[in-house]
Each structure stands twice: as structure tokens, then as C-alpha cells.
Amino acid sequence: QVHLVESGGGLVQPGGSLRLSCVVSGGLFSTYQLGWYRQAPGKQRESIARVYADGMTIYADSVKGRFTISRDNAKKTVYLQMNSLKPEDTAVYYCYVALFAGNIWGQGTQVTVSS
């Protein structure tokens, strides 16, 4: 079965950078649509980035130009490079795998952007 484990979150100052990783176990990683979403207190879940099996990427306007999603099929890992972080980026970040039956996501990793 598919299992995802996020890592790389933490506390960072505004303007800083952070790289999140998500290791995906099980299944056929190279065929998956993968992505990241986040949820902050008082806000609805926001899909921020996705990468398709062919490498095409899509970003939410809120992170476009600052975040980069990538995948390493050999390592079965999806990354989210976050630059120029803002306090409003503070949230729990989750990676997900899109499957026919629905998305599967990990437990999340906390990102806090604060001075």
C-alpha cells in the first residue's frame, strides 16, 4: 500500500528557504500524480503545487515564483523547495498521491515562518 512520510519542516525567518521532502513507499511511483497542499489555522486547505507523471507542474498563484515542486522517480521522493518565505506561508504541509480511489496523504510537516 502507498505510504507517505513528509519531512523538512521547521521554523524559518521571513525571506528564508526550506526544502520539504516526501518519501513515497509502495505502488508505482513513476506513474503517480503527486502534489503538496497546506492547511493553516482559520484557513481552508490550499493546494499549492502538483507534478504529473510526465513532469508537468502546476502552482497556486500564492506560491508561484517562490516554490518549486520536483520529483525523483529513482528515489521515490517528491520535493517542495520553498524560497522567499512569508509569514502567511505558515501551515502544516502535506504531500499527496492522487489515486483512482482518492488522494492519499502523509501526516504533514509544520512550517512556521516568523521573525
Side-chain angles (χ1 to χ4, degrees):
Q1 60 182 19
V2 177
H3 181 66
L4 299 83
V5 179
E6 302 97 331
S7 63
L11 175 64
V12 63
Q13 295 184 14
S17 297
L18 214 54
R19 191 194 200 198
L20 306 183
S21 299
C22 176
V23 178
V24 182
S25 301
L28 301 174
F29 181 91
S30 63
T31 71
Y32 294 156
Q33 177 192 148
L34 305 160
W36 292 89
Y37 72 90
R38 64 188 181 186
Q39 185 139 37
K43 297 182 179 179
Q44 296 190 111
R45 189 188 77 176
E46 179 186 21
S47 179
I48 57 174
R50 69 182 74 174
V51 57
Y52 293 91
D54 65 1
M56 185 183 73
T57 57
I58 297 176
Y59 299 93
D61 288 341
S62 58
V63 306
K64 193 173 299 181
R66 299 187 298 121
F67 291 10
T68 302
I69 187 172
S70 61
R71 64 192 296 163
D72 186 330
N73 288 342
K75 292 182 170 59
K76 297 184 178 181
T77 302
V78 58
Y79 304 96
L80 186 68
Q81 178 67 47
M82 306 185 295
N83 298 325
S84 301
L85 284 162
K86 306 173 181 179
E88 51 262 44
D89 294 319
T90 296
V92 179
Y93 284 70
Y94 302 86
C95 65
Y96 69 85
V97 175
L99 301 175
F100 177 79
N103 292 351
I104 297 177
W105 58 90
Q107 293 301 303
T109 184
Q110 176 71 48
V111 172
T112 302
V113 185
S114 176
S115 59

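No hydrogens, no waters, no symmetry mates; every other heavy atom, side chains included, goes into these values.
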Identify the two heavy atoms, one from F29 and one from D72, that lie closest to each other, and give their separation to 0.1 Å.
CE2-O, 3.7 Å
Between SG of C22 and OH of Y79, what distance do you get to the nearest 0.5 Å?
10.5 Å
Give a yes or no answer on whether the side chain of E6 reaches the backbone of Q107 with a donor-acceptor pair at less than 3.5 Å.
yes
Any chance you could measure F67, atom CZ, to N83, atom CG, to the nearest 0.5 Å?
8.5 Å
With side chain to side chain contact (heavy atoms under 4.5 Å, CB included) as the criterion, how do R50 and Y37 come out once you've worked through the C-alpha distance, each side chain's angles and the decisive distance to 0.1 Å?
CA-CA 9 Å; R50 69 182 74 174; Y37 72 90; over 6 Å; no
Which heavy atom of P14 sits nearest a heavy atom of S115, and at what distance?
CD-N, 3.6 Å
With respect to L4, which candidate in V78, V24, V23, L34 satisfies the side-chain contact (heavy atoms from CB on, under 4.5 Å) definition?
V24
All heavy atoms of A60 vs all of S47, minimum pair found to be CB-O, 3.4 Å
Is there a side chain to side chain contact (heavy atoms under 4.5 Å, CB included) between S25 and K76 once you walk through the steps?
CA-CA 7 Å; S25 301; K76 297 184 178 181; over 6 Å; no
Non-neighbouring partners of R19 that pass salt bridge (Lys or Arg N to Asp or Glu O under 4.0 Å), sequence neighbours left out:
none
Go through Y94 and I48 one step at a time and tell me if the side chain to side chain contact (heavy atoms under 4.5 Å, CB included) criterion holds.
CA-CA 10 Å; Y94 302 86; I48 57 174; over 6 Å; no
Single-linkage hydrophobic cluster Y93~I104, side-chain heavy atoms < 4.5 angstrom
yes
Could you check whether any side-chain N or O of Q81 sits under 3.5 Å from a backbone N or O of T68, counting only pairs where one atom can act as donor and the other as acceptor?
no
Among D89, T109, V111, L11, which residue meets the side-chain contact (heavy atoms from CB on, under 4.5 Å) test with L18?
V111
Testing the basics here: between N103 and A98, what is the closest heavy-atom pair and its distance to 0.1 Å?
OD1-CA, 3.3 Å
Inter-residue atom distance I69.CD1 - M56.CE, 0.5 Å rounding
11.5 Å
One should read off an interatomic distance between S84 OG and R66 CZ, to the nearest 0.5 angstrom, of 7.0 Å
Restricting to non-hydrogen atoms, name the atom on L85 and the atom on M82 that form the minimum distance, rounded to 0.1 Å.
CD2-CB, 3.8 Å
Is D61 paired with K64 through a side-chain N to carboxylate O contact shorter than 4.0 Å?
yes
Given the rule that I, L, V, M, F, W and Y join up when any side-chain heavy atoms are under 4.5 Å apart, are L99 and V51 in one cluster?
yes
Which atoms form the tightest heavy-atom contact between S62 and E46, and what is the distance?
OG-OE2, 2.6 Å
Do V113 and V92 land in one hydrophobic cluster if side-chain heavy atoms of ILVMFWY residues count as linked below 4.5 Å?
no
Could you walk me through whether L80 and R38 satisfy the side chain to side chain contact (heavy atoms under 4.5 Å, CB included) test, starting with their C-alpha distance in whole Å, then the side-chain angles of each, then the deciding distance to 0.1 Å, before giving a yes or no?
CA-CA 12 Å; L80 186 68; R38 64 188 181 186; over 6 Å; no
